[in-house]
Amino acid sequence: MGATSSKPSLRSRRVFRSKLKVIDEEKVAHLDNRGYELVHDFPVPQVLGPGEVMIRNCAAGLNHIDWKSLDYNFCLPELPWITGREMAGVVECVGSEVKRFRRGDRDPESMLVWGGSTVTGQFAIQMAVHAGLDVIAVCSDKTADLVRQLGPKHVVVYSGKSDDEVVSEIKALGQGRITKAVDLVGPKTSKLVLEAVSGDRVVGFAPLAFMKSGEIKPENVRVHNVEMKQFVLDSSSEQYAKRLGEMVEAGLVLPKLQVIDGGLAMVEQGG
């Protein structure tokens, strides 16, 4: 009995390419000279739809899809085609039914750090601020001054407040723009974070406690479970240590530590 393989032969791949070129010769011709072109005279819409917002761009994100769509010819319904969907800027004008935004509003992404006074939280706040994000940090009244020194736009103190009050305060500050979140406390606060983030934008969320696969979460939330050991076991993580060292040399504020004398015998007392 002869064996068969599902892998196409070199000849079949050549035939497929030949047929593709015949079927879509015009698009292939365009792709032969594909590349991005900066256009200065593209017409600006004079009339917006009722629910539309026009943004005057201050920064644009460059993602893998932006070059892969050209190299691999996907997400390009026709040519020429305007790509790009990630930006930050200032509201230029709004449609007749838009109530949440007005001309002059900034449109940055916000990041929520629940547990802002933890060691990881202190690093996360500074890195997010350095990246241009508006940071909302949650902490106790005892550590609020320390957290404010790290540069977040807002500090939410949970002491003396109910969970609902804290979430409501965060949502009012975030105005639906919280698209990144880190929880550094535990399962209970992870659920509160999910209540506070944006409900209509894609949200990246990294919880301290791993979320179970069957645990209910909003459809727009992408959970990133970070296995801490991977930074030790995966040699490619060296880049993070290198970058962190560079940021420390550039002035990243290190967490204040309490030194306990006595060596390993003091481990339990220190904990």
Side-chain angles (χ1 to χ4, degrees), residues 109-171 173-174 178-197 203-212 215 217 221-234 237 239-260 266-271:
E109 291 184 284
S110 294
M111 177 172 175
L112 175 62
V113 179
W114 201 303
S117 64
T118 63
V119 171
T120 302
Q122 292 181 50
F123 280 125
I125 290 171
Q126 295 179 80
M127 290 179 177
V129 170
H130 180 75
L133 297 171
D134 284 346
V135 178
I136 301 173
V138 181
C139 62
S140 70
D141 55 357
K142 294 180 180 179
T143 59
D145 288 341
L146 172 110
V147 172
R148 288 191 181 97
Q149 295 174 14
L150 303 175
K153 185 171 185 179
H154 303 287
V155 174
V156 175
V157 174
Y158 63 76
S159 305
K161 302 174 185 175
S162 68
D163 292 341
D164 288 342
E165 288 174 331
V166 175
V167 170
S168 295
E169 184 175 348
I170 295 170
K171 293 177 73 172
L173 294 171
I178 301 176
T179 57
K180 294 175 175 55
V182 178
D183 172 59
L184 300 164
V185 181
K188 178 183 177 182
T189 48
S190 286
K191 293 179 181 179
L192 299 179
V193 168
L194 293 177
E195 294 179 27
V197 297
V203 175
F205 175 42
L208 172 70
F210 278 29
M211 297 185 69
K212 298 178 181 178
E215 198 165 347
K217 62 177 180 61
V221 174
R222 308 291 182 265
V223 176
H224 305 284
N225 288 319
V226 181
E227 172 54 64
M228 298 302 177
K229 288 184 179 179
Q230 77 180 28
F231 296 105
V232 177
L233 303 177
D234 186 351
S237 295
Q239 59 182 311
Y240 302 115
K242 180 181 178 182
R243 181 62 181 134
L244 181 59
E246 293 171 350
M247 295 185 74
V248 169
E249 291 179 358
L252 190 75
V253 178
L254 296 176
K256 295 180 180 179
L257 304 177
Q258 178 184 359
V259 179
I260 301 176
M266 301 298 291
V267 168
E268 290 190 5
Q269 182 177 332

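The analysis underlying the following values was restricted to heavy atoms, covering all of them including side chains, and did not include hydrogens, waters or symmetry mates. We number each residue from 1, following the sequence as shown. Since this is a predicted model, take the numbers as computed values, not measurements.
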Val157 to Ala144 - nearest heavy-atom pair and separation
CG2-CB, 3.9 Å
With rounding to the nearest 0.5 angstrom, report the CZ to NE2 distance, Phe205 to His224.
10.5 Å
In Å, rounded to the nearest 0.5 Å, how long is the span from NE2 of His154 to CG of Leu173?
5.0 Å
Identify each donor-acceptor pair in which a side-chain atom of residues 182-194 lies under 3.5 Å from a protein atom, sequence neighbours left out, and give them as a table.
residue : atom : partner : partner atom : Å
Asp183  : OD1  : Val185  : N            : 3.4
Asp183  : OD1  : Thr189  : OG1          : 2.7
Asp183  : OD2  : Gly186  : N            : 3.2
Asp183  : OD2  : Thr189  : OG1          : 3.2
Asp183  : OD2  : Ser190  : OG           : 2.9
Thr189  : OG1  : Gly186  : N            : 3.1
Thr189  : OG1  : Gly186  : O            : 2.9
Ser190  : OG   : Gly186  : O            : 3.2

Looking at every heavy atom in both Val226 and Ala206, which two are closest together, and how far apart are they?
CG2-CB, 4.4 Å
Can you name the nearest heavy-atom pair linking Asp134 to Lys153, along with the distance?
OD2-NZ, 3.5 Å
Can you tell me how far apart NZ (Lys171) and CD1 (Ile136) are? Round to the nearest 0.5 Å.
12.0 Å
Listed partners of Tyr158 passing side chain to side chain contact (heavy atoms under 4.5 Å, CB included), at least two apart
Val138, Ser140, Val166
Mind listing the side-chain donor-acceptor pairs of residues 124-131 below 3.5 Å, one per line with the distance, residues two or more places apart or on another chain?
residue : atom : partner : partner atom : Å
Gln126  : OE1  : Val253  : N            : 2.7
Gln126  : NE2  : Gln122  : O            : 3.2
Gln126  : NE2  : Val253  : O            : 2.8

Does Asn225 reach the side chain of Pro207, with side-chain heavy atoms less than 4.5 Å apart?
yes
Pairwise distance OG1(Thr143) to NZ(Lys256) - rounded to 0.5 angstrom
12.0 Å
Non-hydrogen side-chain atoms of Phe123 and Leu252 separated by less than 4.5 Å:
yes
Are the side chains of Met247 and Arg243 in contact, using a 4.5 Å heavy-atom criterion?
yes
Output the distance between atom CD1 (Ile178) and atom CD1 (Ile170), rounded to the nearest 0.5 Å.
6.5 Å
